[in-house]
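The sequence lines fix the lettering, A, B, ..., with proteins before strands; numbering per chain opens at 1.
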There are 2 protein chains.
Amino acid sequence: MASKSSQSRSRSKGRVTLSDVASMAGVSSMTVSRALNDPERVSEQVRSRVREAVEALGYIPNRAARSLAGQRSYSIAVVIPSVSNAVFSNVIKGIYDVCSARGYEILMGNTYYSVQQESSLIAKFLTHHPDGLIVTGLNMADSARALLQGAGIPVVQLMEVGEAEPIDLNVGISHRDAGAAMARYMLDRGYRRIGVLGAQMDYRAQRRIQGFVNVLADAGRYDEARIVTTSEPSTVHLGGQLLGDLLSAAPDTDAVFCINDDLAYGVIYECQRRHIRIPQQLAVAGFNDLEASACINPSLTSVSTPLYEMGRVAAQMLMRRLDGETIEQPVVDLGFELRARESA
Amino acid sequence: MASKSSQSRSRSKGRVTLSDVASMAGVSSMTVSRALNDPERVSEQVRSRVREAVEALGYIPNRAARSLAGQRSYSIAVVIPSVSNAVFSNVIKGIYDVCSARGYEILMGNTYYSVQQESSLIAKFLTHHPDGLIVTGLNMADSARALLQGAGIPVVQLMEVGEAEPIDLNVGISHRDAGAAMARYMLDRGYRRIGVLGAQMDYRAQRRIQGFVNVLADAGRYDEARIVTTSEPSTVHLGGQLLGDLLSAAPDTDAVFCINDDLAYGVIYECQRRHIRIPQQLAVAGFNDLEASACINPSLTSVSTPLYEMGRVAAQMLMRRLDGETIEQPVVDLGFELRARESA
DNA sequence: AGTTGTTATTTTAGCGCTAACATTTCTGTT
DNA sequence: AACAGAAATGTTAGCGCTAAAATAACAACT
């Protein structure tokens with residue numbers, strides 16, 4: 001049988017296969033398969049003969065064949081806006097640590113914040129028949145939603161909770177509540193002419209602003225002129241620019257909530273250049289509480305979000321589902337913490 | 001044939017397959033395969049009938065079957081130290097953009113800076129029979145090197161060039177030269193008691209320091225007491241700490257080269273707290289020139305490295321190799337640029 | 001020795017797709 | 001009308017593995 005692979009019509013590249021190992025070890029290929037994937041079900045004797053043969057031949061199993069025969073891929077597809085964003089790279093690390101420990105591969109795809117890209121990415125990933133899927137956020141194209149519902153695999157929606165009925169599982173925080181908490185904090189601190197800076201306005205960012213603005217409005221402190229947003233990707237440099245825009249439009253602003261820490265760093269740097277004292281003349285707050293926020297001068301008041309944890313928990317839920325467990329609580333709100341520091 | 005899939009002994013989950021589409025469209029399954037993967041070779045008529053059938057049935061192709069039959073996986077394995085590091089997330093983005101545009105999947109694995117993890121990751125990835133492999137750096141375990149050499153697929157070693165004979169293809173910069181360039185710049189600027197701060201001392205970081213120190217030594221300005229390194233992961237906070245260590249050991253230090261920008265930010269913040277004026281009392285330089293480096297106060301002198309570009313070029317070389325092109329120049333040095341700014 | 005139950009191994013039959021070859025259908029040419 | 005050559009489609013035979021059923025081997029009881 002093994003010799004057949006050298007015949008003219010064969011397409012094989014002469015790779016070492018299971019049956020090569022089998023004939024060397026003097027057992028059937030099924031036994032070799034078991035010896036490798038379920039060693040307890042094979043006698044010690046056979047197990048070691050197989051091990052020797054594998055080493056002698058340099059056998060490398062073929063995942064494609066395994067997936068096809070076993071009807072599962074041992075892979076998890078992850079659909080996020082962008083790898084190069086510090087927020088998501090932390091989330092991915094959480095997912096990765098759990099999945100790789102369990103022998104699952106990660107297929108990662110970037111939507112670049114486009115709902116359309118997201119749909120086509122999901123469609124593409126389904127061709128891999130992943131065992132599970134992790135997507136970002138609760139909002140998605142109807143077509144994508146339908147695909148996921150019909151796929152018959154566990155799906156986790158990540159980053160936010162509470163804004164819509166999840167497709168299946170859901171892990172995140174309430175961005176609306178987080179925005180609101182920050183607004184309340186600022187009002188409590190006595191700030192009254194409060195601005196908001198936003199960039200890369202994805203759904204989560206929008207909801208943070210909504211939550212923030214609603215509280216301001218309830219307190220009679222909402223002023224449209226102080227809301228400055230752009231759809232450009234957010235960068236430190238952009239933070240400085242947006243501050244300039246805000247101060248031109250409303251020079252008497254006494255506090256500013258930045259939709260993420262990067263913008264806030266830019267604001268702090270720009271204030272240093274303009275000799276605006278923080279927080280005396282202008283209070284500044286950020287979002288996500290990246291590592292540098294505790295170190296910058298002045299240290300940055302921010303909302304700490306459990307990024308790594310979200311990834312970890314999402315992956316764990318998926319794993320439990322794949323193990324056949326029923327998940328009693330399909331929606332997990334991991335909460336946030338407002339870290340009050342010098343800047344506000 | 002198609003009806004066979006509903007027989008008792010079948011393991012299929014009742015998925016829609018190529019031959020289901022074929023019988024609906026009234027053609028053979030091979031024709032459907034062609035209509036989907038090589039549309040030019042099929043008449044417009046058949047093509048649209050197939051398209052309709054695919055939509056009507058909700059057909060999702062099976063990559064595992066495709067890989068197995070076609071003897072290629074349309075995937076590229078990428079082995080890097082850590083996704084959650086800004087340096088590598090930029091590199092990955094470059095790889096991702098090229099690969100996904102060409103229909104290739106990325107399998108990403110983190111070594112967490114361990115040579116052992118790297119080896120086992122490579123072994124694991126080879127079971128996917130990826131069409132190509134991208135690994136970080138020129139140093140790796142002999143076993144890993146052997147695996148790669150024997151795998152018969154194109155391999156790109158990424159991030160650094162010039163330190164060893166590459167296995168196959170190689171894209172990066174000379175970290176040694178970059179370190180040396182920074183040392184020369186600092187000496188030219190008149191600094192004489194120059195320190196070095198390093199963390200997460202991977203091979204690249206070590207070589208940057210070697211290049212830097214060699215130049216100092218040649219100029220008679222090397223002082224071991226001013227080299228402060230740790231194997232801890234580098235963070236902004238750690239930068240401040242290491243500066244403290246350096247100044248305790250050598251208080252008269254007049255300039256400091258940080259092995260990456262994160263450490264440099266930490267140094268700048270710590271100097272602000274200690275009221276050390278930059279660059280008058282202490283000059284500071286970083287490495288990688290992250291986006292924030294141009295915005296921080298004082299703006300940070302750093303070595304700009306083409307991170308995204310490295311990823312892009314590596315992936316492109318791989319693609320060209322997979323297209324059967326011969327690559328005339330297997331080693332590509334993308335170079336670096338020293339960005340002189342206020343901090344030094 | 002005969003029956004039963006348990007464990008270890010082999011046999012059989014695909015998983016869903018595509019390479020390679022074979023055949024048919026459609027041009028255009030003389 | 002006859003033919004060659006190109007283009008479109010069909011047929012056959014796996015790719016390398018595992019689920020399920022079948023069998024063999026072994027221990028544990030009557």
Could you state the atom-to-atom distance from CD1 of A:Ile60 to P of D:dG16 in whole Å? 13 Å

Identify each atom pair where a protein N or O and an N or O of nucleotides 8-10 of chain C are less than 3.5 Å apart, giving names and distance.
{"from": "C:dT9", "atom 1": "OP1", "to": "A:Ser43", "atom 2": "OG", "distance (Å)": "3.1"}
{"from": "C:dT9", "atom 1": "OP2", "to": "A:Ser43", "atom 2": "N", "distance (Å)": "3.1"}
{"from": "C:dT10", "atom 1": "OP2", "to": "A:Ser28", "atom 2": "N", "distance (Å)": "2.9"}
{"from": "C:dT10", "atom 1": "OP2", "to": "A:Ser28", "atom 2": "OG", "distance (Å)": "3.0"}
{"from": "C:dT10", "atom 1": "OP2", "to": "A:Thr31", "atom 2": "OG1", "distance (Å)": "2.5"}
{"from": "C:dT10", "atom 1": "O4", "to": "A:Arg34", "atom 2": "NH2", "distance (Å)": "3.1"}

Give a yes/no answer on whether the side chain of A:Asn62 brings an N or O atom under 4.0 Å of OP1 or OP2 in D:dC15. no

Salt bridge (Lys or Arg N to Asp or Glu O under 4.0 Å) filter on A:Glu105, not counting sequence neighbours, yields A:Arg63, B:Lys124

Report the distance from atom CD of A:Gln71 to atom C1' of C:dC17, rounded to the nearest whole Å. 13 Å

Starting at atom CG of B:Leu18, determine the distance to atom C1' of D:dT11, rounded to an integer number of angstrom. 15 Å

For B:Arg49, give me all partners under salt bridge (Lys or Arg N to Asp or Glu O under 4.0 Å), at least two apart in sequence or on another chain. none

Report the distance from atom NE2 of A:His129 to atom P of C:dC17, rounded to the nearest whole Å. 7 Å

Return no unless some side-chain N or O of A:Tyr74 is found under 4.0 Å from OP1 or OP2 of D:dC17. no

Any luck finding a side-chain donor-acceptor pair between B:Gln316 and B:Arg320 under 3.5 Å? no

What is the distance, to the nearest angstrom, from the CG atom on B:Leu36 to the P atom on C:dT18? 8 Å

Taking five pairs at each end, how big is the angle between the two axes of the helix from C:dA1-D:dT30 to C:dT30-D:dA1, to 10°? 40°

Give me each pair satisfying salt bridge (Lys or Arg N to Asp or Glu O under 4.0 Å) with a member in residues 140-154 of chain A, each pair once, sequence neighbours excluded. none

With the side chain defined as heavy atoms from C-beta on, A:Leu68 is closest, among C:dG14, C:dC17, C:dG16, to C:dG16

To the nearest angstrom, how far is B:His128 atom NE2 from D:dC17 atom C1'? 15 Å

Take atom CD of A:Glu325 as the centre, draw a 6.0 Å sphere, and report whether it contains more than 12 heavy atoms from other residues, nucleotides or ligands. yes

Can you name the salt bridge (Lys or Arg N to Asp or Glu O under 4.0 Å) partners of B:Arg66, sequence neighbours left out? none

Please give, in whole Å, the distance from C:dC15 C1' to B:Arg15 CZ? 10 Å

Pairs satisfying side-chain hydrogen bond (donor to acceptor under 3.5 Å, both in side chains), at least one member in residues 29-41 of chain A, at least two apart: A:Ser28-A:Thr31

Which residues pass the salt bridge (Lys or Arg N to Asp or Glu O under 4.0 Å) test with B:Glu163, sequence neighbours left out? B:Arg176, B:Arg207

Taking only residues at least two apart or on different chains, which pairs with a member in residues 33-80 of chain A satisfy ring-ring contact (aromatic ring centres under 6.0 Å, His included)? A:Tyr74-A:Tyr104

Figure out the CZ/C1' separation between B:Arg63 and C:dT18, and round it to whole Å. 14 Å

